[in-house]
Peer 1: 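This is the structure I want to talk about, given as structure tokens.
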Protein chains: 2
Amino acid sequence: MTITDAAARRLDDPAELADPADPGVCDAPPVCDAETSEARIVRDLLSRVGDKWSLLVIRMLHEHAMRFTELQRSIDGISHRMLTQTLRNLERDGLVSRTSYPEIPPRVEYAATDLGRSLALPVLGLVEWASANHASITNARDAFDAARD
Amino acid sequence: MTITDAAARRLDDPAELADPADPGVCDAPPVCDAETSEARIVRDLLSRVGDKWSLLVIRMLHEHAMRFTELQRSIDGISHRMLTQTLRNLERDGLVSRTSYPEIPPRVEYAATDLGRSLALPVLGLVEWASANHASITNARDAFDAARD
DNA sequence: CTGTATCCGACTAGATACTG
DNA sequence: CAGTATCTAGTCGGATACAG
């Protein structure tokens, strides 16, 4: 869903979003066309921020700007490599800004852009839903597991 | 992010959500505790519906109940195997209901549950954000790529 | 401190073939 | 039609080492 090492080095493949198998036409009946483009948008968004760390980084930076190591300490479990990669891609998508101060030792500050902060709002909707329905899902899951003996 | 074949067969590992490396305490200062539990909820939700197909299935079933093959034809590019697996997990989480009619040939109808339909609302928020800001992201990306020569 | 490169195990998901 | 099992290439992401 996210990024390959190769793509990260090249900062993603420009042709990534084009589905080579998609004929561009649709023979199934109704919702298809709207659904197809909408589906691409959803998948596209999820490809960007639906990975393991992006939303967490955005939420951290939503409060205030932070330095690299500060972020790494705040986000439990993220590796050095993944933080770099996540930040680089968020920066590339205009969701996060990077400011480097040419000092010794080097200092780099990351902050959410307006775009990044606007993304936090709909994300909060999801978070609320998750909080409210977490128990329901767990219960459904337990019931399902119990039912299959 | 989603499910392993092994987990799909066993329908997921009950211990999946416990992070074995998480000591349960936190030595970084402020937002940590709230952020840690919130982070788990976000990641948890994304693990369930943030995969390649779940949201698309939920959106299809949000309109009306559908049969297996009907779904497969409506969702462009989904494989037989992935549709089965996605439906099974959505059913397990109580987001989708499955009704089997013992006829020949067999007929099985899938429908969104109330829980599944309630999830569609916050998801719509994300879809709208994605639609509204898709161009901004693409532009930012192009500019970033152009800037690195 | 910040960033990059390499290695490598683990997981994802498509293709395919087979059952009732 | 609906579902399961197996094989496999491609991808994700952690550990590690190293450079500015």
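Every chain is numbered from 1 and lettered A, B, ... according to where its sequence line falls, protein lines coming before strand lines. These numbers were taken from a predicted model, which means no experiment stands behind them. Only heavy atoms go into these numbers, but all of them, side chains included; no hydrogens, no water, no symmetry mates.
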Peer 1: Could you give the CE-to-C1' distance, from B:M66 to D:dC1, as a whole number of Å?
Peer 2: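 Checked: the CE to C1' distance equals 15 Å.
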Peer 1: Please step through side-chain contact (heavy atoms from CB on, under 4.5 Å) for the pair A:D93 and A:L115, ending with a clear verdict.
Peer 2: CA-CA 9 Å; A:D93 287 347; A:L115 192 61; over 6 Å; no
Peer 1: Grab the CG-C1' distance between B:L87 and D:dT4 for me, whole Å please.
Peer 2: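 Those two atoms, CG and C1', are 14 Å apart.
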Peer 1: Between A:W129 and B:S118, which heavy-atom pair has the shortest distance, and what is it?
Peer 2: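 What the structure gives for the nearest pair is NE1-OG, 2.9 Å.
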Peer 1: Would the distance check show the side chain of A:S97 and the main-chain N or O of A:T113 forming a donor-acceptor pair, the cut-off being under 3.5 Å?
Peer 2: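 The answer is no, because no donor-acceptor pair under 3.5 Å joins these two groups.
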Peer 1: Do A:S54 side-chain atoms and A:G50 backbone N/O form a donor-acceptor pair below 3.5 Å?
Peer 2: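 No; zero donor-acceptor contacts below 3.5 Å.
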Peer 1: In this structure, how many angstroms lie between the P atom of C:dG9 and the CE atom of A:M82, rounded?
Peer 2: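 It is 17 Å, rounded to the nearest whole Å.
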Peer 1: To the side chain of B:R88, which of D:dT4, D:dC1, D:dG14 is closest?
Peer 2: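 Taking heavy atoms from C-beta onward, the closest nucleotide is D:dT4.
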Peer 1: I want to verify a distance call: between C:dT4, D:dC1, C:dG14, whose nearest atom is closest to the A:T84 side chain?
Peer 2: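 So the side chain of A:T84 is nearest to C:dT4.
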Peer 1: Rounded to whole angstroms, how far apart are NZ on B:K52 and C1' on D:dT11?
Peer 2: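 After rounding, the gap between these two atoms is 11 Å.
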Peer 1: Answer yes or no: does a side-chain N or O of B:R67 lie under 4.0 Å from OP1 or OP2 of D:dC1?
Peer 2: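 Answer is no, no contact under 4.0 Å.
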Peer 1: Can you tell me if B:E70 uses its side chain to pair, donor with acceptor, with the backbone of B:R67 under 3.5 Å?
Peer 2: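 Indeed, once roles are kept as given, a pair shorter than 3.5 Å links the two residues.
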Peer 1: Please report, rounded to the nearest Å, how far the P atom of D:dC1 is from the CG atom of B:L83.
Peer 2: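 Distance, rounded to whole Å: 13 Å.
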Peer 1: Over all strands shown, is B:Y110 touching base, sugar-phosphate only, or nothing at heavy-atom distances under 4.0 angstrom?
Peer 2: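 Touches sugar-phosphate only.
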Peer 1: On DNA chain D, does the nearest nucleotide to B:E109 precede the nearest nucleotide to A:S79 from the 5' side, or the other way round? Give the residue.
Peer 2: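 The residue closer to the strand's 5' end, by nearest nucleotide, is B:E109.
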Peer 1: Expressed as a whole number of angstroms, how long is the span from B:I78:CD1 to D:dA2:C1'?
Peer 2: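 Roughly 14 Å, once rounded to whole Å.
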Peer 1: Of A:V108 and B:P106, whose nearest nucleotide on DNA chain C comes first from the 5' end?
Peer 2: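 With A:V108 and B:P106 compared, the 5'-side residue is A:V108.
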Peer 1: Give the rounded distance in Å between these two atoms: NE2 of A:H80 and P of D:dA15.
Peer 2: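 In whole Å, D:dA15 P lies 13 Å from A:H80 NE2.
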Peer 1: Is any side-chain nitrogen or oxygen of A:R107 closer than 4.0 Å to OP1 or OP2 of C:dT2?
Peer 2: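 No, no such contact exists.
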Peer 1: Suppose we call a contact any N or O donor and acceptor under 3.5 Å apart; does that hold for the side chain of A:R81 and the base of C:dT6?
Peer 2: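 Answer is yes: a donor-acceptor pair is held.
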Peer 1: Which whole-number value in Å describes the distance from B:R73 CZ to D:dA2 P?
Peer 2: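 Rounding to the nearest Å, CZ of B:R73 and P of D:dA2 are 9 Å apart.
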Peer 1: Side-chain N or O of A:T69 versus OP1/OP2 of C:dT2: is the shortest distance under 4.0 Å?
Peer 2: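 Yes, A:T69 has a side-chain N/O under 4.0 Å of OP1/OP2 on C:dT2.
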